[in-house]
Amino acid sequence: MTYVSRFSPDFSTLQKKLPLTDIQTKETKNLVLNCCLHDSIRLSYPAEPQENACHYLLYSSEGTLCAALAMVPCGETVVECTAFTLPAFRRKGCFDALLSRALEDFEEYDILFPVSGACPDTLNTLEALGAQLDTTEYQMEWTPQTTDSTQNQMQLPYSQEKANQSDTFLNSSPSPDDSETLCWSFHTGISESPSSDCPVGTFLTTWTGNDCVCLHQVEILPAFRGQGLGTAMIRLFLDMAAQKNISRVILQVSADNHAALALYKKTGFRITEALSFYFY
């Protein structure tokens, strides 16, 4: 995989960083904020150390951070690439220079670009690269306020009412692969389950900030689906999250996964942005 860099002499410093310093984190967040306001998009940048990103920063000759690119491995052969360039420095080779440098470290990987909204500059850049649209996903968010308003509007199904009994519980254990991730199992003593020791569902949570976690890999075992247990499991976790002063739970779900979308909306999540993913 090759890409020709048209690096302009107007830029003096290209740095690779893992992780960012406090000053660089602040600079990067300001850059992302300016870009999102200019392009009317909502796209996050993995600036926090626990997000395990490799950062490539481009500074102008005056010392302004004009572009940033982050690579986050999300498998053995795929890396997610997020990049921002200040509007005043676009079409000057900034992204070319950063991507060219990053590909030296990730030459054997497929690159996945998340795109929020329909920013013309982003879409034109991806078209020039030859990147292909792969999937569209929704980012969803839960806060304690959304749960209160949602639960007041609906009656709980029978199996979820039983989920409030003491024989229904969640267990968690640290992930062997990531110190920021917990592996959860959902146990219930209702008649449909053969044993309270046998989990009927599982999911993972990963810290993405001091008071925010990402929920992923949610699953109810096939034999126990269609009984309201997915709703019960998610709501039980969200109750625990509220008690532990977690202010946000986020997740991503495929736009064509209608069953999962219905489940998350029912438990108080709302769509905050649509993300399209392009492969290169």
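For reference, positions follow the sequence shown, starting with 1.
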If I take atom [atom1] from residue [X] and atom [atom2] from residue [Y], how far apart are they, to the nearest 0.5 angstrom?
{"X": "Leu236", "Y": "Leu229", "atom1": "CG", "atom2": "CG", "answer": "11.5 Å"}
{"X": "Leu99", "Y": "Met71", "atom1": "CG", "atom2": "CE", "answer": "6.0 Å"}
{"X": "Asp134", "Y": "Phe279", "atom1": "CG", "atom2": "CZ", "answer": "5.0 Å"}
{"X": "Ile234", "Y": "Ile220", "atom1": "CD1", "atom2": "CD1", "answer": "7.5 Å"}
{"X": "Leu65", "Y": "Leu31", "atom1": "CG", "atom2": "CG", "answer": "5.0 Å"}
{"X": "Leu69", "Y": "Cys81", "atom1": "CG", "atom2": "SG", "answer": "3.5 Å"}

Mark yes or no for whether [X], through its side chain, and [Y], through its backbone, hold a donor-acceptor pair below 3.5 Å.
{"X": "Ser116", "Y": "Arg42", "result": "yes"}
{"X": "Arg248", "Y": "Cys214", "result": "no"}
{"X": "Thr272", "Y": "Gln139", "result": "yes"}
{"X": "Ser60", "Y": "Glu62", "result": "yes"}
{"X": "Glu107", "Y": "Glu104", "result": "no"}
{"X": "Arg90", "Y": "Thr85", "result": "yes"}
{"X": "Asp39", "Y": "Ile41", "result": "no"}
{"X": "Ser100", "Y": "Ala97", "result": "no"}
{"X": "Thr125", "Y": "Asp121", "result": "yes"}
{"X": "Thr267", "Y": "Leu263", "result": "yes"}

[atom1]/[X]: more than 12 non-hydrogen atoms of other groups inside 6.0 Å:
{"X": "Leu37", "atom1": "CG", "value": "yes"}
{"X": "Glu127", "atom1": "CD", "value": "no"}
{"X": "Phe113", "atom1": "CZ", "value": "yes"}
{"X": "Arg225", "atom1": "CZ", "value": "yes"}

Could you report the tightest heavy-atom contact between [X] and [Y], atom names first, then the distance?
{"X": "Lys29", "Y": "Ala47", "answer": "CE-CB, 4.3 Å"}
{"X": "Asp211", "Y": "Ser247", "answer": "OD2-OG, 2.8 Å"}
{"X": "Leu57", "Y": "Ala68", "answer": "CD2-CB, 3.7 Å"}
{"X": "Leu43", "Y": "Pro114", "answer": "CD2-O, 3.8 Å"}
{"X": "Tyr109", "Y": "Gly75", "answer": "CE2-O, 4.0 Å"}
{"X": "Val253", "Y": "Ala260", "answer": "CG2-CB, 3.7 Å"}

Pairs meeting criterion ring pair (Phe, Tyr, Trp, His ring centres under 6.0 Å) with involvement of residues 230-260, two or more places apart: Trp184-Phe237, Phe203-Phe237
Heavy-atom distance under 4.5 Å between the side chains of [X] and [Y], does that happen here?
{"X": "Leu251", "Y": "Phe269", "answer": "yes"}
{"X": "Tyr138", "Y": "Leu275", "answer": "no"}
{"X": "Tyr264", "Y": "Val218", "answer": "yes"}
{"X": "Cys212", "Y": "Ile246", "answer": "no"}
{"X": "Asp105", "Y": "Tyr56", "answer": "yes"}

If hydrophobic clusters are built by linking Ile, Leu, Val, Met, Phe, Trp and Tyr wherever their side-chain heavy atoms come under 4.5 Å apart, do [X] and [Y] end up in the same one?
{"X": "Phe186", "Y": "Leu221", "result": "yes"}
{"X": "Val72", "Y": "Leu103", "result": "no"}
{"X": "Val32", "Y": "Ile250", "result": "no"}

Phe84 ring center within less than 6.0 Å of His38 ring center: no
Donor-acceptor side-chain pairing of Glu27 and Tyr59 below 3.5 angstrom: yes
Test item: side-chain donor near acceptor, Ser254 and Asn257, under 3.5 Å: no
From CA spacing to verdict: side chain to side chain contact (heavy atoms under 4.5 Å, CB included), Ile271, Glu141: CA-CA 7 Å; Ile271 295 173; Glu141 177 184 271; over 6 Å; no
Qualifying residue for side chain to side chain donor-acceptor pair (under 3.5 Å) with Thr206, from Glu51, His216, Glu180: His216
Step-by-step side chain to side chain contact (heavy atoms under 4.5 Å, CB included) determination, His55 to Gln24: CA-CA 10 Å; His55 303 275; Gln24 289 167 338; over 6 Å; no
Residues forming a side-chain hydrogen bond (donor to acceptor under 3.5 Å, both in side chains) with Ser175, sequence neighbours excluded: none
Shared-cluster residues of Leu204, by chain and number - hydrophobic side chains joined below 4.5 Å: none
Residues Leu170, His187; criterion side chain to side chain contact (heavy atoms under 4.5 Å, CB included); working and verdict: CA-CA 6 Å; Leu170 289 168; His187 304 254; over 6 Å; no
Stepwise side chain to side chain contact (heavy atoms under 4.5 Å, CB included) test for Glu80 and Phe277: CA-CA 9 Å; Glu80 185 173 300; Phe277 290 88; 3.8 Å; yes
